[in-house]
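Naming convention: chains lettered A, B, ... in sequence-line order (proteins, then strands); numbering from 1 in each chain.
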There are 2 protein chains.
Amino acid sequence: MGDSGESAGRAAPSGRKDARRNRETLLDAAATVFVTSGVDAPVRDIAAKAGVGLGTIYRHFPTRADLVIGVYRHQVDACADAGPALLATGSPYTALGQWIDLFVDFLVTKHGLAAVMRPDNADFEALHTYFLDRLLPVCTELLDAAAVTGEIRPDIDAYELMRGVGNLCIGAESDTRYDARRMAGLLVAGLRRPHA
Amino acid sequence: MGDSGESAGRAAPSGRKDARRNRETLLDAAATVFVTSGVDAPVRDIAAKAGVGLGTIYRHFPTRADLVIGVYRHQVDACADAGPALLATGSPYTALGQWIDLFVDFLVTKHGLAAVMRPDNADFEALHTYFLDRLLPVCTELLDAAAVTGEIRPDIDAYELMRGVGNLCIGAESDTRYDARRMAGLLVAGLRRPHA
DNA sequence: AACGATACGGAACATTGTTCCGCTTTTGCA
DNA sequence: TGCAAAAGCGGAACAATGTTCCGTATCGTT
């Protein structure tokens, strides 16, 4: 569905035809390179893969975060949309857990993406902002619902939870001894209201 | 490369006098720079602060991880030593929680240190290894003790917990909306044995 | 076809880690 | 003390990467 067009994404098809084509080519190339080399792949690699110059890549995507957003926007949106859906299928706490699992899976399967979501990384501020804009409302909704039913403590901030879960996913894809899903599950378990 | 003797830190005073002095100077300078610019500060900054050339810094500390270890070794050791002490003062679960708090405080107050503990960062493998060597046995001890008393689930791996807590601390020092300590507390709370 | 606007490519620049080597200082010994 | 070898030093030079800039090529319109 059409969201309020902004930031980086597909707005009204504007500009020259070749420019539009290059934009697509770049997104495709980036997606491919991200899979093999992670989201930290050198800009030159992406440009080479797309067969364009460096100037072109920077014109279309002023910062790398814009490129990453372009590539993963759909998946982030899908994750956001899944929140309300899950909420409709079971208890709020269960839904929250499942939604977090979805988020963790998304991050863990994208090499380096979690590491890049840190807000102290000025280069990726746009990415951080996009994730938050999209997912924070959903997380808040789930959290509130679970708090209302009394399944979890009511004093948890969605932002903190998202940051925490995001952090837990860092480096998970390259460490067989570490299971980010498990840790995220523990964190969510920690949200439960302390039993009397 | 194979350093003489220990990985990094103070070994038996060996070599020339000026070399030993430079080593200390370098550690002092690094400590100062780390506080103001984080552990990712450019090597050149540290060299400049210490008033030595680049060659000198790389000779004394083949990798940056060695320098970081040299600077924080004492504090890591102190944290390790605190484990058994805490265990003697209260219930294992309480001790575990307090020990984790200690660890979190340590990481959070050192700009960028947590981010550098990731094992997927080849440059800092030595640092990662040092932390693990020193802290993993302590964490295991606390975990086991708390499992024996039945306060927590018995299926938690110390390595995973340390990685998880370490990750939770990433970027915490520059984000006022995020409290790593709180998140670590949640994670520890999640360890509790599920109530029947 | 001509022309102005738009976009392109890639050289050039900036930052930072790391290596290498000629020069200096220290140390051991006669 | 004097001296030569060993040990250490400084920083230029190299490599990898992000980013900017501008002369040139292409597109769309008249």
| task | For B:Asp40 and for B:Asp18, find the nucleotide of DNA chain C with the closest heavy atom, then tell me which residue's nucleotide is more 5'. | result |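 Comparing both residues, the 5'-ward one is B:Asp40.
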
| said: Pick the closest DNA chain C nucleotide for A:Asn22 and for B:Tyr58 by heavy atoms, then say which residue is nearer the 5' end. | reply: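 So the residue in question is A:Asn22.
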
| said: Please say yes or no: joined through hydrophobic side-chain contacts below 4.5 Å, possibly via intermediate residues, are A:Leu168 and B:Met183 part of one cluster? | reply: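 Same cluster.
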
What nucleotide, of [options], holds the atom closest to the side chain of [X]?
X: A:Val43; options: D:dG10, D:dG18, C:dC8; answer: D:dG18
X: B:Pro42; options: C:dA11, C:dG17, D:dG11; answer: C:dG17
X: A:Thr56; options: C:dT16, D:dG11, C:dC8; answer: C:dC8

| message | Less than 4.5 Å apart, side chain to side chain, heavy atoms only: is that true for A:Leu127 and A:Thr63? | response |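 A:Leu127 vs A:Thr63: side chains apart.
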
| request: State, with a plain yes or no, whether a side-chain heavy atom of A:Asp40 is found less than 4.5 Å away from one of A:Arg64. | output: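 A side-chain contact exists here, since the closest heavy-atom pair is under 4.5 Å.
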
| Roughly, in whole Å, what's the span from NZ in B:Lys17 to P in D:dC9? |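 Value for this atom pair: 15 Å.
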
| task | Measure from CZ on A:Arg59 to P on C:dG10 and round the result to the nearest Å. | result |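 Rounded to whole Å, this separation is 13 Å.
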
| field | B:Gln75, CD atom: more than 12 neighbouring heavy atoms under 6.0 Å | value |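 Result for CD/B:Gln75: enclosed.
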
| field | Donor-acceptor pair under 3.5 Å, B:Arg44 side chain vs C:dG17 base | value |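 Under the 3.5 Å cut-off, the side chain and the base do form a donor-acceptor pair.
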
